[in-house]
Amino acid sequence: MKIKIAPSILSADFSAVGEAVKKLEASGADLIHCDVMDGNFVEPITFGGQMVKNIRPLTKLPLDVHLMIEHPKTQIKFFAEAGADIITVHYKACQKISPDYLRETLELIKSFGVKCGAVVNPDVAVENIFPLFPIADMILIMSVFPGYGGQKFIPEVLQKIKTAREYAVKSGRPDLDIEVDGGVTEQNAAEIAAAGANILVAGSAVFKSADMAATIEKLKS
Ligand code: DX5
Ligand code: ZN
(Lines give C-alpha, C1' and ligand atoms only; values in the text may rest on other atoms or scores of the structure.)
(Ligands and ions follow the chains in the order given, each with its own letter.)
Protein backbone atom coordinates (compact mmCIF):
# COMPACT_ATOMS: atom_id res chain seq x y z
CA MET A 1 0.00 0.00 0.00
CA LYS A 2 1.08 3.56 -0.61
CA ILE A 3 2.36 5.18 2.59
CA LYS A 4 0.75 8.44 3.63
CA ILE A 5 2.17 10.91 6.14
CA ALA A 6 -0.06 12.75 8.59
CA PRO A 7 1.96 15.42 10.40
CA SER A 8 0.47 16.44 13.74
CA ILE A 9 -0.10 20.14 14.39
CA LEU A 10 0.39 19.33 18.08
CA SER A 11 4.07 20.05 17.44
CA ALA A 12 3.37 23.38 15.69
CA ASP A 13 3.65 26.82 17.28
CA PHE A 14 -0.01 27.40 18.26
CA SER A 15 0.31 31.11 17.50
CA ALA A 16 0.98 30.24 13.85
CA VAL A 17 -0.91 27.03 13.12
CA GLY A 18 -2.29 28.34 9.82
CA GLU A 19 1.19 28.97 8.47
CA ALA A 20 2.26 25.51 9.61
CA VAL A 21 -0.66 23.86 7.80
CA LYS A 22 0.17 25.64 4.55
CA LYS A 23 3.82 24.68 4.91
CA LEU A 24 2.91 21.04 5.57
CA GLU A 25 0.78 20.89 2.42
CA ALA A 26 3.57 22.47 0.37
CA SER A 27 6.02 19.94 1.86
CA GLY A 28 4.09 16.87 0.68
CA ALA A 29 1.97 15.95 3.69
CA ASP A 30 -1.02 13.71 2.86
CA LEU A 31 -3.28 14.53 5.81
CA ILE A 32 -3.24 17.04 8.65
CA HIS A 33 -3.47 15.24 12.01
CA CYS A 34 -5.29 17.30 14.64
CA ASP A 35 -4.75 16.15 18.24
CA VAL A 36 -7.72 17.14 20.38
CA MET A 37 -7.10 16.73 24.13
CA ASP A 38 -9.56 17.54 26.89
CA GLY A 39 -7.55 17.57 30.12
CA ASN A 40 -9.49 14.51 31.30
CA PHE A 41 -8.90 11.55 29.01
CA VAL A 42 -5.34 12.87 28.79
CA GLU A 43 -3.69 15.53 30.96
CA PRO A 44 -3.22 18.42 28.52
CA ILE A 45 -5.86 20.53 26.81
CA THR A 46 -5.15 21.45 23.20
CA PHE A 47 -8.01 22.81 21.08
CA GLY A 48 -11.57 22.18 19.93
CA GLY A 49 -13.71 22.47 16.83
CA GLN A 50 -12.90 26.13 16.30
CA MET A 51 -9.31 25.25 15.37
CA VAL A 52 -10.53 22.75 12.77
CA LYS A 53 -12.96 25.33 11.41
CA ASN A 54 -10.21 27.93 11.09
CA ILE A 55 -7.69 25.71 9.34
CA ARG A 56 -10.29 24.13 7.03
CA PRO A 57 -10.11 26.89 4.37
CA LEU A 58 -6.30 26.90 4.40
CA THR A 59 -5.71 23.44 2.92
CA LYS A 60 -7.16 20.89 0.53
CA LEU A 61 -5.68 18.05 2.58
CA PRO A 62 -8.00 15.86 4.65
CA LEU A 63 -8.23 16.89 8.30
CA ASP A 64 -7.66 13.82 10.46
CA VAL A 65 -9.13 14.61 13.89
CA HIS A 66 -7.87 12.42 16.73
CA LEU A 67 -10.20 12.87 19.71
CA MET A 68 -8.45 12.14 23.00
CA ILE A 69 -11.52 13.07 25.00
CA GLU A 70 -14.12 11.62 27.36
CA HIS A 71 -17.72 11.33 26.11
CA PRO A 72 -16.74 11.74 22.43
CA LYS A 73 -20.33 11.43 21.21
CA THR A 74 -21.14 14.88 22.58
CA GLN A 75 -18.47 16.51 20.40
CA ILE A 76 -18.90 14.80 17.02
CA LYS A 77 -21.34 17.37 15.65
CA PHE A 78 -18.92 20.24 16.31
CA PHE A 79 -15.96 18.60 14.61
CA ALA A 80 -18.03 17.30 11.69
CA GLU A 81 -19.55 20.73 11.07
CA ALA A 82 -16.12 22.34 11.43
CA GLY A 83 -14.93 20.35 8.41
CA ALA A 84 -13.21 17.24 9.74
CA ASP A 85 -12.71 14.53 7.08
CA ILE A 86 -11.89 11.72 9.51
CA ILE A 87 -12.70 11.52 13.21
CA THR A 88 -11.16 8.85 15.44
CA VAL A 89 -12.29 7.99 18.96
CA HIS A 90 -10.62 5.99 21.71
CA TYR A 91 -11.81 2.50 22.65
CA LYS A 92 -10.91 3.26 26.29
CA ALA A 93 -12.98 6.45 26.52
CA CYS A 94 -15.99 4.65 25.03
CA GLN A 95 -15.65 1.48 27.07
CA LYS A 96 -16.04 3.47 30.30
CA ILE A 97 -19.53 4.46 29.19
CA SER A 98 -21.03 1.31 27.68
CA PRO A 99 -20.08 -1.68 25.53
CA ASP A 100 -21.98 -0.20 22.55
CA TYR A 101 -20.76 3.39 22.86
CA LEU A 102 -17.86 3.04 20.42
CA ARG A 103 -20.03 1.51 17.69
CA GLU A 104 -22.70 4.15 18.26
CA THR A 105 -20.11 6.93 18.04
CA LEU A 106 -18.68 5.57 14.79
CA GLU A 107 -22.19 5.41 13.36
CA LEU A 108 -22.86 8.97 14.48
CA ILE A 109 -19.66 10.15 12.74
CA LYS A 110 -20.72 8.38 9.53
CA SER A 111 -24.17 9.98 9.72
CA PHE A 112 -22.44 13.33 9.10
CA GLY A 113 -20.74 11.93 6.00
CA VAL A 114 -17.38 11.92 7.78
CA LYS A 115 -14.98 8.95 7.87
CA CYS A 116 -14.64 7.23 11.24
CA GLY A 117 -11.99 5.33 13.10
CA ALA A 118 -11.35 3.50 16.38
CA VAL A 119 -8.18 3.98 18.43
CA VAL A 120 -6.37 1.54 20.69
CA ASN A 121 -3.83 2.56 23.29
CA PRO A 122 -0.62 0.54 23.70
CA ASP A 123 -2.22 -1.46 26.55
CA VAL A 124 -5.43 -2.29 24.66
CA ALA A 125 -5.51 -5.44 22.52
CA VAL A 126 -6.52 -4.73 18.94
CA GLU A 127 -8.79 -7.80 19.06
CA ASN A 128 -11.19 -5.62 21.11
CA ILE A 129 -12.02 -3.59 18.03
CA PHE A 130 -12.13 -6.46 15.49
CA PRO A 131 -15.96 -6.30 15.55
CA LEU A 132 -15.74 -2.71 14.29
CA PHE A 133 -13.50 -3.45 11.30
CA PRO A 134 -16.51 -3.80 8.97
CA ILE A 135 -17.77 -0.27 9.71
CA ALA A 136 -14.53 1.62 10.42
CA ASP A 137 -12.73 3.57 7.69
CA MET A 138 -9.56 3.59 9.74
CA ILE A 139 -7.94 1.89 12.71
CA LEU A 140 -5.53 4.01 14.73
CA ILE A 141 -2.90 2.14 16.70
CA MET A 142 -1.17 4.24 19.36
CA SER A 143 2.54 3.55 19.61
CA VAL A 144 2.92 5.80 22.68
CA PHE A 145 0.49 6.56 25.51
CA PRO A 146 -1.45 9.59 24.30
CA GLY A 147 -1.01 13.03 25.80
CA TYR A 148 2.34 14.30 24.62
CA GLY A 149 4.38 14.55 21.44
CA GLY A 150 8.04 13.62 21.39
CA GLN A 151 7.78 10.23 23.13
CA LYS A 152 9.64 7.06 22.16
CA PHE A 153 7.95 4.46 19.91
CA ILE A 154 6.95 1.32 21.85
CA PRO A 155 8.35 -1.57 19.73
CA GLU A 156 5.85 -4.17 21.02
CA VAL A 157 3.22 -2.33 19.00
CA LEU A 158 4.70 -3.71 15.75
CA GLN A 159 3.11 -7.09 16.43
CA LYS A 160 -0.25 -5.41 17.02
CA ILE A 161 -0.01 -3.67 13.64
CA LYS A 162 0.68 -7.06 11.98
CA THR A 163 -2.28 -8.62 13.79
CA ALA A 164 -4.53 -5.75 12.67
CA ARG A 165 -3.46 -5.97 9.01
CA GLU A 166 -3.84 -9.77 8.99
CA TYR A 167 -7.35 -9.48 10.37
CA ALA A 168 -8.22 -6.69 7.92
CA VAL A 169 -7.15 -8.96 5.04
CA LYS A 170 -8.91 -11.99 6.50
CA SER A 171 -12.14 -10.08 7.06
CA GLY A 172 -12.34 -8.75 3.51
CA ARG A 173 -10.99 -5.24 4.21
CA PRO A 174 -7.43 -5.54 2.82
CA ASP A 175 -7.33 -1.81 2.07
CA LEU A 176 -8.49 -0.68 5.52
CA ASP A 177 -6.45 2.34 6.60
CA ILE A 178 -4.20 1.47 9.53
CA GLU A 179 -2.67 4.56 11.07
CA VAL A 180 0.13 4.53 13.64
CA ASP A 181 0.65 7.44 16.02
CA GLY A 182 3.54 8.23 18.32
CA GLY A 183 7.32 8.21 18.06
CA VAL A 184 7.45 7.68 14.29
CA THR A 185 10.87 8.63 12.90
CA GLU A 186 12.88 8.28 9.71
CA GLN A 187 14.61 5.35 11.44
CA ASN A 188 11.54 3.27 12.30
CA ALA A 189 9.08 4.24 9.54
CA ALA A 190 10.11 1.35 7.26
CA GLU A 191 9.46 -1.37 9.85
CA ILE A 192 6.13 0.22 10.84
CA ALA A 193 5.05 0.20 7.21
CA ALA A 194 6.35 -3.36 6.73
CA ALA A 195 4.21 -4.46 9.68
CA GLY A 196 1.13 -3.26 7.77
CA ALA A 197 0.51 0.39 8.60
CA ASN A 198 -0.23 2.72 5.67
CA ILE A 199 -0.67 6.08 7.44
CA LEU A 200 2.08 7.38 9.70
CA VAL A 201 1.49 10.28 12.07
CA ALA A 202 4.60 12.35 12.67
CA GLY A 203 4.80 15.28 15.04
CA SER A 204 8.31 15.97 16.25
CA ALA A 205 10.00 14.16 13.37
CA VAL A 206 8.51 16.67 10.92
CA PHE A 207 8.49 19.82 13.03
CA LYS A 208 12.01 19.41 14.43
CA SER A 209 13.40 18.81 10.97
CA ALA A 210 15.32 21.55 9.19
CA ASP A 211 13.86 20.38 5.86
CA MET A 212 10.21 19.33 6.26
CA ALA A 213 9.78 18.25 2.65
CA ALA A 214 12.86 16.01 2.75
CA THR A 215 11.74 14.45 6.03
CA ILE A 216 8.22 13.75 4.74
CA GLU A 217 9.72 12.23 1.59
CA LYS A 218 12.03 10.00 3.65
CA LEU A 219 9.17 8.90 5.91
CA LYS A 220 7.15 7.92 2.81
CA SER A 221 9.93 5.91 1.24
C1 DX5 B 1 0.10 11.91 21.14
C2 DX5 B 1 -0.52 12.40 19.87
C3 DX5 B 1 0.36 12.26 18.70
C4 DX5 B 1 1.61 13.07 18.79
C5 DX5 B 1 2.65 12.48 17.91
O6 DX5 B 1 -0.82 11.97 22.16
O7 DX5 B 1 -1.71 11.68 19.60
O8 DX5 B 1 -0.33 12.53 17.50
O9 DX5 B 1 1.43 14.39 18.42
O10 DX5 B 1 3.84 13.19 18.13
P11 DX5 B 1 5.25 12.51 17.88
O12 DX5 B 1 5.33 12.17 16.45
O13 DX5 B 1 6.19 13.59 18.31
O14 DX5 B 1 5.31 11.28 18.76
ZN1 ZN C 1 -2.60 11.84 17.51
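Values below: all heavy atoms of this structure, side chains included; hydrogens, waters and symmetry mates excluded. Indexing begins at 1, ligand by ligand and atom by atom, following the structure's order. Everything numeric in this text was worked out from a predicted model, so none of it was measured.
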Review point. Which residues and atoms, protein N, O or S only, are under 2.8 Å from the Zn ion (ligand 2)?
Key: His33 NE2, Asp35 OD1, His66 ND1, Asp181 OD2
Check your understanding: Is Lys110 paired with Glu107 through a side-chain N to carboxylate O contact shorter than 4.0 Å?
Key -> no
Check your understanding: Of all the atoms in ligand 1, which lie at a distance below 4.0 Å from a heavy atom belonging to Gly182?
Key -> 14 (O)
Check your understanding: Against heavy atoms of Gly150, which atoms of ligand 1 measure under 4.0 Å?
Key -> 11 (P), 13 (O), 14 (O)
Point to revise | Electrostatic pair Glu166-Lys162, nearest N-O below 4.0 angstrom | key: no
Point to revise | Basic-acidic side-chain contact under 4.0 Å: Asp85, Arg56 | key: yes
Review point. Measuring from the heavy atoms of Ala205, does anything fall under 4.0 Å of ligand 1?
Key: no
**Study point:** Exceeds 12 heavy-atom contacts within 6.0 angstrom, atom NZ of Lys73
**Key:** yes
Review point. Counting each atom of ligand 1 from 1 as listed, which ones have a heavy atom of Pro146 under 4.0 Å away?
Key: 6 (O)
Check your understanding: Are Ile86 and Met37 connected in the hydrophobic side-chain network, where two residues link if heavy atoms are under 4.5 Å apart?
Key -> no
Check your understanding: Only one of Leu31, Leu24, Leu200 forms a side chain to side chain contact (heavy atoms under 4.5 Å, CB included) with Ile5, so which one is it?
Key -> Leu200
Exercise for review: Mark up the atoms of ligand 1 that fall under 4.0 Å of a heavy atom belonging to His66, in ascending order.
Suggested key: 7 (O)
Point to revise | ring pair (Phe, Tyr, Trp, His ring centres under 6.0 Å) contacts in which one or both residues fall within residues 155-204, not counting sequence neighbours | key: Phe130-Tyr167, Phe133-Tyr167
Check your understanding: Which protein heavy atom lies closest to atom 3 (C) of ligand 1, and at what distance to 0.1 Å?
Key -> Asp181 OD1, 2.9 Å
Study note, to complete from the structure: For His33, the atoms of ligand 1 under 4.0 Å from one of its heavy atoms are 8 (O)
Exercise for review: Ignoring hydrogens and angles, state whether a donor on the side chain of Asp100 or Ser98 is under 3.5 Å from an acceptor on the partner side chain.
Suggested key: no
Practice item. Could you tell me whether Asp30 and Lys220 make a salt bridge, using a distance below 4.0 angstrom between a side-chain N and a carboxylate O? Key: yes
Exercise for review: Look at atom 1 (C) of ligand 1 and say which protein heavy atom is nearest, naming residue and atom and giving the distance to 0.1 Å.
Suggested key: Tyr148 O, 3.7 Å
Check your understanding: Sub-3.5 Å donor-acceptor pair from the side chain of Asn121 to the main-chain atoms of Asp123, do we have one?
Key -> no
Check your understanding: What about Gly183: any of its N or O atoms under 3.5 Å from an N or O on ligand 1?
Key -> yes
Check your understanding: With only distance considered, is Ala202 within less than 3.5 Å of ligand 1 through an N or O on each side?
Key -> no
**Study point:** Salt-bridge present (Asp177, Lys4; N to O < 4.0 Å)
**Key:** no
Exercise for review: Tell me which protein heavy atom sits closest to atom 13 (O) of ligand 1, plus the residue, atom name and distance to 0.1 Å.
Suggested key: Ser204 OG, 2.2 Å
Practice item. Could you pull out, from Ser143, Cys34, Gly149, Pro44, the option with a heavy atom nearest to atom 10 (O) of ligand 1? Key: Gly149
Point to revise | N/O separation below 3.5 Å, Ser11 to ligand 1 | key: no
Review point. Between His90 and His66, what is the ring plane arrangement, given parallel below 30°, perpendicular above 60°, and tilted in between?
Key: parallel
Review point. Do any N/O atoms on Gly147 end up under 3.5 angstrom from N/O atoms on ligand 1?
Key: yes
Check your understanding: Under the 3.5 angstrom rule, does the side chain of Ser8 hit a backbone N or O of Gly203 as a donor-acceptor pair?
Key -> no
Study note, to complete from the structure: A student checking ligand 1 against Met37 at a 4.0 Å heavy-atom cut-off should list atoms 6 (O)
Review point. Any N or O of Gly203 that comes nearer than 3.5 Å to an N or O of ligand 1?
Key: yes
Check your understanding: Quick one: which ligand 1 atoms are inside 4.0 Å of a heavy atom on Met68?
Key -> 6 (O), 7 (O)
Check your understanding: Would you find a donor on one side and an acceptor on the other, under 3.5 Å apart, between the side chain of Asp175 and the backbone of Val169?
Key -> no
Review point. Going by the order shown, which atoms of ligand 1 are within less than 4.0 Å of some heavy atom of Val201?
Key: 8 (O)
Review point. Of all heavy-atom pairs between Phe153 and Gly183, which one has the smallest distance, and what is that distance?
Key: CB-O, 3.4 Å
